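Order of listing sets the numbers, starting from 1, for every ligand and every atom in it. Please read these numbers as outputs of a predicted model, since none were measured by experiment. Basis for what follows: all heavy atoms, side chains included, without hydrogens, waters or symmetry-related copies.
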Amino acid sequence: MNLKETLGSLFSQDELQLLVRGYDVVGDIAIIIIPQELESKEQVIAEVILANNPNIKVVAKRAAQYGGEFRTLPVTIIGGKDRRETEVREFGIRLRLNVEKVYFSIRSGNERRRIASLVQPGENVLVLFSGIAPYPLMISRYSLARRIVGIEKNPVAHDYALLNLKLNKKLNNIELLQGDVRALLPLFSTEFDRVVMVLPKSGEDFLEAALPLLRPGGYLHFYDMQKSDSFAESITKVRSVCEAAKRSLPAADVAVCGHCAPRTCRICVDCLVG
Ligand SMILES: C[S@@+](CC[C@H](N)C(=O)[O-])C[C@H]1O[C@@H](n2cnc3c(N)ncnc32)[C@H](O)[C@@H]1O
């Protein structure tokens, strides 16, 4: 729904200028950014959203930016029911979550599906920073992977991941571990065919620890936030860690999977590591 069009008759031109065009819908929760100047009108905005979208039951506004180690998003409920838990369906997969206590990007479904489509039959896949388990579940549902391991530190996200595993009954090649990636990685004695690192803000700090878990000839998917004219810098981050570890990087491609700020993209560097 284009909010500006719908609110056109209720708001002045100046107010409309301030308003964002749309909002995210996570399950039945709409999450909107309300500029400070429009806070006195937030209930009207919530009522209009609820009236025009029968599937939306809760309207929440962002109360701050994504932050903290667990990349969570504080929200304030401004309309509808007073709850923060919802269920999303992504490519047929059920994902239950609390929008405030765990990280989940509703905009990354196609990217998760893309990664799943790259997984070859029989692969062992390691997903670092696995959250409520959307990547492990998507890979399990849409590939013939042998084993998928997810690691997540936020205990609330981990509990939802376990619940989501139960909700998606037929997906039974997934193991989910709760803890700090840095502490858990040294405990693995096997190598993986593919490692997915879903921590775009500071994933590079974990590259050195993750690399030994990837077999020679395996694939690394390294997420990063990067200026649109500097994608090569993200490849360089991986290359430097590979060189330090005496590993080669025969191929690296960048897939753009979203925008996080003006001229800044969320990218995935798809790497073949020797
Ligand atoms: C950008 S989110 C990605 C979540 C999930 N993969 C998804 O796509 O929805 C990054 C996740 O990494 C987790 N995290 C941050 N630091 C961690 C660490 N040191 N070890 C394990 N998980 C960590 C956060 O709690 C968060 O859930």
message: Do the side chains of Glu39 and Lys61 get close enough for a salt bridge, i.e. N-O under 4.0 angstrom?
response: yes

query: Will you find, in the side chains of Tyr223 and Glu111, an N or O donor that is under 3.5 Å from an N or O acceptor?
result: yes

task: Find the distance between OG (Ser230) and CD1 (Ile235) and round it off to the nearest 0.5 Å.
output: 11.5 Å

Sub-3.5 Å pairs, protein N or O with ligand 1 N or O:
| unit_1 | atom_1 | unit_2 | atom_2 | d |
| --- | --- | --- | --- | --- |
| ligand 1 | 6 (N) | Phe129 | O | 2.8 |
| ligand 1 | 8 (O) | Arg112 | NH1 | 3.1 |
| ligand 1 | 19 (N) | Asp180 | OD1 | 3.0 |
| ligand 1 | 20 (N) | Val181 | N | 2.9 |
| ligand 1 | 22 (N) | Lys153 | N | 3.1 |
| ligand 1 | 25 (O) | Glu152 | OE2 | 2.6 |
| ligand 1 | 27 (O) | Glu152 | OE1 | 2.8 |
| ligand 1 | 27 (O) | Glu152 | OE2 | 3.1 |

message: Test side chain to side chain donor-acceptor pair (under 3.5 Å) on Glu152 and Tyr103; report intermediate values, then the result.
response: CA-CA 11 Å; Glu152 168 58 42; Tyr103 177 94; over 6 Å; no

query: What pairs with Asn110 under side chain to side chain contact (heavy atoms under 4.5 Å, CB included), at least two apart in sequence or on another chain?
result: Phe91

task: Take Thr76 and Glu42, measure what side-chain contact (heavy atoms from CB on, under 4.5 Å) needs, and give me the verdict at the end.
output: CA-CA 11 Å; Thr76 305; Glu42 65 190 25; 5.6 Å; no

